[in-house]
Asker: 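Pasting a structure below so you can have a look.
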Amino acid sequence: SWRQPENLAYLKNILKNETPMETWEFTRADVLAIQEWITEDGNGNWKLGQEANQAFLAKFAHCKK
């Protein structure tokens, strides 16, 4: 649990880090495509979970700089 002292200390340290691990750039068209993709099963039906995360990375990898 993050409430354990060692985990909380680690989390606080990580959150202080302002150096980005990677940079992404999204055009207006990218944002619209992402919105359409993430709710393609209808408004309010958001893609969730690790599988959705992996699918997002595959589908929109071109935005990663």
Asker: Could you check if a side-chain atom of Arg28 sits within less than 4.5 angstrom of a side-chain atom of Leu32, using non-hydrogen atoms only?
Answerer: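 A side-chain contact under 4.5 Å exists here.
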Asker: Tell me, do Lys12 and Leu8 make a side-chain contact under 4.5 Å, heavy atoms counted?
Answerer: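 SC-SC contact between Lys12 and Leu8 confirmed.
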Asker: Check whether any side-chain heavy atom of Ile34 sits under 4.5 Å from a side-chain heavy atom of Phe56, and report yes or no.
Answerer: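 When only atoms from C-beta onward are counted, Phe56 and Ile34 do touch, with a gap below 4.5 Å.
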Asker: Let me confirm one number: the CG-CD1 distance from Leu11 to Ile14, rounded to the nearest 0.5 Å.
Answerer: 8.0 Å
Asker: Would you check if Lys64 and Thr23 make a side-chain contact, meaning some heavy-atom pair closer than 4.5 Å?
Answerer: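 Side chain of Lys64 against side chain of Thr23, heavy atoms only: no contact under 4.5 Å found.
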Asker: Would you please classify the geometry between the Trp24 ring and the Phe26 ring as parallel, tilted or perpendicular, with 30° and 60° separating the classes?
Answerer: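 It falls in the parallel class, under 30°.
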Asker: If you count the non-hydrogen atoms of other residues, nucleotides and ligands that lie under 6.0 Å from CD in Glu18, is the total more than 12?
Answerer: no
Asker: If you count heavy atoms of other groups shown closer than 6.0 angstrom to CD of Glu6, is the number above 12?
Answerer: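 Counting other residues, nucleotides and ligands, CD of Glu6 exceeds 12 neighbours.
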Asker: Less than 4.5 Å apart, side chain to side chain, heavy atoms only: is that true for Lys47 and Glu40?
Answerer: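 With C-beta onward as the side chain, the pair touches.
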Asker: Any chance CD of Glu36 has more than 12 other-residue heavy atoms, nucleotides or ligands included, within less than 6.0 Å?
Answerer: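 At most 12 heavy atoms, drawn from other residues, nucleotides or ligands, come within 6.0 Å of this atom.
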Asker: So, Asp30 side chain and Thr27 main chain: donor-acceptor pair closer than 3.5 Å or not?
Answerer: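 Yes; at least one donor-acceptor contact below 3.5 Å.
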Asker: Apply side-chain hydrogen bond (donor to acceptor under 3.5 Å, both in side chains) to Trp37 and Gln35, showing your working.
Answerer: CA-CA 6 Å; Trp37 172 78; Gln35 288 174 336; over 6 Å; no
